[in-house]
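Taking it in order: structure first as C-alpha cells, then the write-up.
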Amino acid sequence: MNINREYDIIVVGAGHAGCEAAASAANLGSKVLLITMDIGKIAQMSCNPAMGGIAKGQIVREIDALGGYSGIVTDRSAIQYRLLNRSKGPAMWSPRAQCDRNLFSTTWRTIIESIANVDFWQDTVNELIFEGNRIVGVKTRMGNTIESLAVILTSGTFMNGLMHIGDVKISGGRAGDASSYGLTEQLIERGFETGRMKTGTPPRLDGRTVDFARMERQEGDPEPQKFSFLYNDDPLEDQMPCFITYTNEDVHDVLRKGFSKSPLFSGRIKGQGPRYCPSIEDKIVTFSDKKRHQIFLEPEGRNTCEYYINGFSSSLPQEIQIAALRRICGLEKVKMFRPGYAIEYDYFNPAQLNYTLETKLVENLYFAGQINGTTGYEEAAGQGLISGINAHLKNKSLPEFILGRKDAYIGVLIDDLINKGVDEPYRMFTSRAEYRLLLRQDNADERLTEASYRIGLASKERFESFLKKKDVVNRLSMFLRSYGAAPSQMNDFLVNKNTEKIRQKVKIANILLRPQVNIFELYYLLPDMQELISSDDDLFREVLESIEINMKYKGYLDRERFMAEKLNRLEHITIRPDYDYDNLRSISTEGREKLKKVKPHTLGQASRISGVSPSDISVLLVHLGR
C-alpha cells in the first residue's frame with residue numbers, strides 16, 4: 001500500500017452500494033480505491049438470500065439497464081426465479097430470484113476484481129480528512145492516510161452497530177463482524193443530523209432437521225427469465241424450491257413468554273424499525289387478532305443445508321426462539337445454525353443530500369445505502385450506482401446525471417429521500433411511483449440504456465443489444481398494425497377463445513386488443529410473424545411481452561405520459577440556492593421552514609417537500625414568474 005497515494009474516488013464499504021459505486025466510477029474512467037473491513041465478504045447478503053421482489057425487481061433491472069452489475073450477479077448465482085404479481089397488471093410484475101449466498105458474493109468479487117481501475121484495501125476507515133468544506137481523503141485504523149478527490153460512504157449497518165439477542169448486547173455491524181466507530185461523531189461536529197435505526201434478521205436453520213414433506217412446496221417459474229438485458233449466460237436450470245409453513249397460537253404463546261427479556265419491548269432498542277418487515281414479536285402484538293403468520297423457508301445455496309426462515313425475524317432470547325420454532329409444522333425437531341438478532345446503527349437524514357447523493361454540507365462527500373435510512377440490497381445498489389456516476393462526473397467537471405420520478409424507480413427513491421427524509425427504514429413499493437405503468441420491469445432498457453451509453457457507462461455491447469431489441473419491436477409492431485387477417489384465418493381460433501368472429505379482414509393489432517387473446521397465441525398462428533423473430537431467440541419472450549403491453553395499454557400509457565410531461569414543466573422552473581423565502585409572507589410558516597432547509601433546485605422539487613402545500617407552490621410560482 002502506497003501511503004498518501006491519491007485516488008479519484010475512495011469508496012468506503014464493499015456492500016451492494018459500495019460495489020456498484022466503485023464499479024460505475026471505475027468503468028467511467030476514475031481511479032477508485034475500495035476499502036472494506038473484510039475483502040472475503042464483498043457484496044455479502046447479510047439478510048435474506050434473494051434479490052428483487054415487489055418494486056425491488058424493477059430497481060435491479062434499472063441498475064442492469066444503466067450498466068451496473070447487480071442483475072448479472074443475480075442471474076449467475078440464482079437458484080430459483082419467479083415473476084411476482086403475474087395475476088395483476090404489468091405495472092405490478094416484479095422479478096425475484098433466490099440466490100446461492102456464497103456464489104453471489106464470489107461472483108461479485110470476480111467481476112469487480114476484473115475492473116482495472118479498482119484497487120482494494122482491507123482496513124477500517126475511522127477518520128475523514130477535510131479542507132474547509134471539502135473532503136480530501138480518509139485515515140484508517142492501520143494508520144494509513146489516503147488522499148482522494150471524492151469519498152463515497154456506504155457504511156451499511158456498521159457505524160456504531162449494536163446487535164441484540166434477548167439480554168445480550170454485542171458490538172458489531174452484523175454477526176461475526178466488528179462495528180465502525182468515529183465517523184458519526186466527526187460528521188455531527190460538521191453539522192450533520194443523525195439518528196438510529198433498527199433492523200433484524202431471523203434464525204438460520206439446519207435443513208437436515210426440517211420435515212419438508214409437511215410443508216407447502218413453492219417452485220420457481222416453469223420458464224425462468226433473467227434480470228440482465230444481456231444474454232451471455234445459460235438459462236437457469238434445476239431450480240431449488242422454497243417451502244411455506246405457518247405459525248400457530250402455541251408458537252405465539254411461547255414467544256410472549258420471552259417479552260420480558262425482549263430488547264424491543266424493554267426499551268433497550270432505541271432505533272426505529274422497519275414497518276414493512278416487522279419482527280415476529282412485533283407481528284403477534286400488532287396483529288393480535290391473527291391466529292397464524294406465513295413463514296417461508298428459503299435455501300441459502302446448492303451446496304449447503306442452511307435455510308433462511310423468512311418472516312421470523314426476532315431479537316428474543318435464543319431459548320425462546322428455538323422453543324417457538326419447534327412448535328411450527330415441519331420444524332418440530334429443527335436445529336438452529338444461529339439465532340436471529342436485531343441490530344441498531346447510525347444513519348444520516350437524507351434531506352441533507354443533493355440529487356447526486358453528494359452531501360450539502362461537505363463538497364465531494366457522497367452517502368449511499370443504509371447510511372441514508374433505506375433498507376434492502378436493491379435500494380442500496382441503486383444509490384451506489386448513482387453516487388459513483390456523479391462523483392466521477394463532478395471530478396471531470398461534467399454535467400450531473402439525475403434520474404427523475406418519471407424516469408426510474410431509482411429516481412423515485414432518491415427524490416423521496418431528499419425531499420421527505422425518513423423516520424423509519426425506507427423500502428421501495430410500486431405504490432410510491434405515480435408513473436408505475438411507465439416504470440415497468442420489461443422496459444428499463446428503453447428508459448435508461450441510451451442515456452447511460454451517452455455518458456460512457458453502458459457498454460457498446462449493451463447499447464447494440466438494446467438497438468437490436470428496439471428494431472425487432474418496431475418491425476413486429478408495424479407488422480401487427482398493417483397485416484389484415486381474413487375471417488377464414490382467424491375465426492376458428494376466435495371461437496375457441498370464446499370471443500366474437502370477424503366478418504372481414506381485421507388488423508392483427510385490433511384482434512390483440514381483445515382480453516381473451518394473447519400475442520404468443522397469435523405468433524404461433526401467423527407464419528409471417530414467425531419469420532420476423534424465432535421462438536429460440538433470446539429476445540423472443542421479452543419482445544413479444546413488450547409489444548403486447550404497449551398495444552393493450554396504449555390509452556393508459558399515453559395518459560400517464562401526458563401527466564408526467566405536464567408536471568415535468570415545474571422541473572424546468574429553477575430556484576436560486578440563496579432564494580429568500582422569509583420575504584414570502586403568504587407562504588405558510590411550515591412551508592417556509594421546509595423550503596429553507598431543503599433549498600430545492602426547482603419548483604417541481606419544492607412541490608414534493610413534505611409540509612409544502614399546493615397553495616405555497618402557487619405563491620412561489622407567482623413570485624418566480626415576476
Side-chain angles (χ1 to χ4, degrees), residues 1-43 108-109 112-156 158-161 173 177-190 192 346 348 356-359 361-369 371 383-385 387-397:
M1 185 64 184
N2 296 316
I3 308 305
N4 293 323
R5 178 174 180 180
E6 182 176 310
Y7 283 86
D8 295 319
I9 298 169
I10 293 173
V11 178
V12 181
H16 301 264
C19 286
E20 289 288 5
S24 60
N27 282 329
L28 283 166
S30 285
K31 186 64 178 174
V32 177
L33 177 64
L34 181 58
I35 303 178
T36 177
M37 291 180 176
D38 188 346
I39 205 166
K41 294 180 179 177
I42 284 178
W108 242 121
R109 180 168 181 174
I112 203 164
E113 285 182 352
S114 71
I115 302 173
N117 280 340
V118 180
D119 286 349
F120 301 86
W121 185 245
Q122 182 168 294
D123 203 344
T124 300
V125 172
N126 55 10
E127 187 177 341
L128 304 173
I129 308 171
F130 303 99
E131 283 184 2
N133 72 332
R134 291 176 59 249
I135 193 161
V136 294
V138 302
K139 292 183 179 180
T140 73
R141 185 174 293 171
M142 291 185 184
N144 296 312
T145 297
I146 311 166
E147 299 174 359
S148 67
L149 300 177
V151 173
I152 303 174
L153 280 184
T154 68
S155 53
F158 282 80
M159 291 174 73
N160 293 324
D177 293 306
S179 297
S180 170
Y181 299 100
L183 298 187
T184 297
E185 294 73 20
Q186 195 181 6
L187 290 168
I188 289 173
E189 289 178 2
R190 300 195 72 87
F192 283 89
D346 294 339
F348 291 86
T356 59
L357 298 182
E358 181 185 21
T359 66
L361 293 175
V362 176
E363 190 176 357
N364 298 334
L365 175 62
Y366 297 77
F367 291 168
I371 191 174
Q383 293 172 69
L385 184 76
S387 65
I389 291 171
N390 281 298
H392 167 85
L393 293 175
K394 184 173 183 184
N395 286 348
K396 302 297 182 183
S397 299

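Note that these values count all heavy atoms, side chains included, but never hydrogens, waters or copies made by symmetry.
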Is there a donor-acceptor pair closer than 3.5 Å between any side-chain N or O of [X] and the backbone N or O of [Y]?
X	Y	answer
Arg190	Phe130	no
Ser180	Met159	no
Asp8	Ser30	no
Glu6	Glu147	no
Thr154	Val12	yes
Glu358	Asn364	yes

If we check side chain to side chain contact (heavy atoms under 4.5 Å, CB included) with Tyr366, which of these qualifies: Val151, Val11, Thr356?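 Filter result, single survivor: Thr356.
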
Side-chain heavy atoms of [X] within contact of [Y], under 4.5 Å:
X	Y	value
Ile9	Asn395	yes
Leu183	Leu128	yes
Thr359	Phe192	yes
Gln383	Phe367	no
Ile10	Ile35	yes
Arg134	Val136	yes
Lys41	Asp177	yes
Thr124	Thr36	no

Practice task
Take Lys31 and Asp119 through the test side chain to side chain contact (heavy atoms under 4.5 Å, CB included) and record every step on the way to the result.
Solution key: CA-CA 8 Å; Lys31 186 64 178 174; Asp119 286 349; 3.5 Å; yes

- Using a cut-off of 6.0 Å, state whether more than 12 heavy atoms not belonging to Lys139 lie near its atom NZ.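 It does not: Lys139 NZ has 12 such atoms or fewer within range.
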
So, taking the atom named [atom1] in [X] and the one named [atom2] in [Y], what distance separates them when rounded to the nearest 0.5 Å?
X	Y	atom1	atom2	value
Leu357	Asn390	CG	CG	7.5 Å
Ile42	Gln122	CD1	CD	9.5 Å
Leu385	Ile389	CG	CD1	4.0 Å

Indicate the atoms forming the closest heavy-atom contact of [X] with [Y], along with that distance.
X	Y	answer
Cys19	Ala14	SG-O, 3.5 Å
Leu187	Phe348	CD1-CZ, 3.6 Å
Gly18	Leu34	O-CD1, 4.1 Å
Ser179	Gly173	OG-N, 3.7 Å
Ile115	Ala23	CD1-CB, 3.8 Å
Ala150	Ala391	CB-CB, 4.3 Å

Passes salt bridge (Lys or Arg N to Asp or Glu O under 4.0 Å), Asp123 versus Arg141? Steps please.
CA-CA 7 Å; Asp123 203 344; Arg141 185 174 293 171; over 6 Å; no

| query | Can Ile146 and Tyr7 be said to form a side chain to side chain contact (heavy atoms under 4.5 Å, CB included), step by step? | reply | CA-CA 8 Å; Ile146 311 166; Tyr7 283 86; 3.9 Å; yes

Working note: Val362 + Asn133, criterion side chain to side chain contact (heavy atoms under 4.5 Å, CB included); need CA distance, chi angles, decisive distance, verdict. CA-CA 5 Å; Val362 176; Asn133 72 332; 5.8 Å; no

Take Leu153 and Ile371 through the side chain to side chain contact (heavy atoms under 4.5 Å, CB included) test and state the conclusion after the steps.
-> CA-CA 8 Å; Leu153 280 184; Ile371 191 174; 4.0 Å; yes

May I ask you to check whether Phe158 and Tyr181 place their ring centres under 6.0 Å from each other?
-> no

*For Glu363 and Lys394, what are the C-alpha separation, side-chain angles and deciding distance, and is it a salt bridge (Lys or Arg N to Asp or Glu O under 4.0 Å)?*
CA-CA 10 Å; Glu363 190 176 357; Lys394 184 173 183 184; 3.2 Å; yes

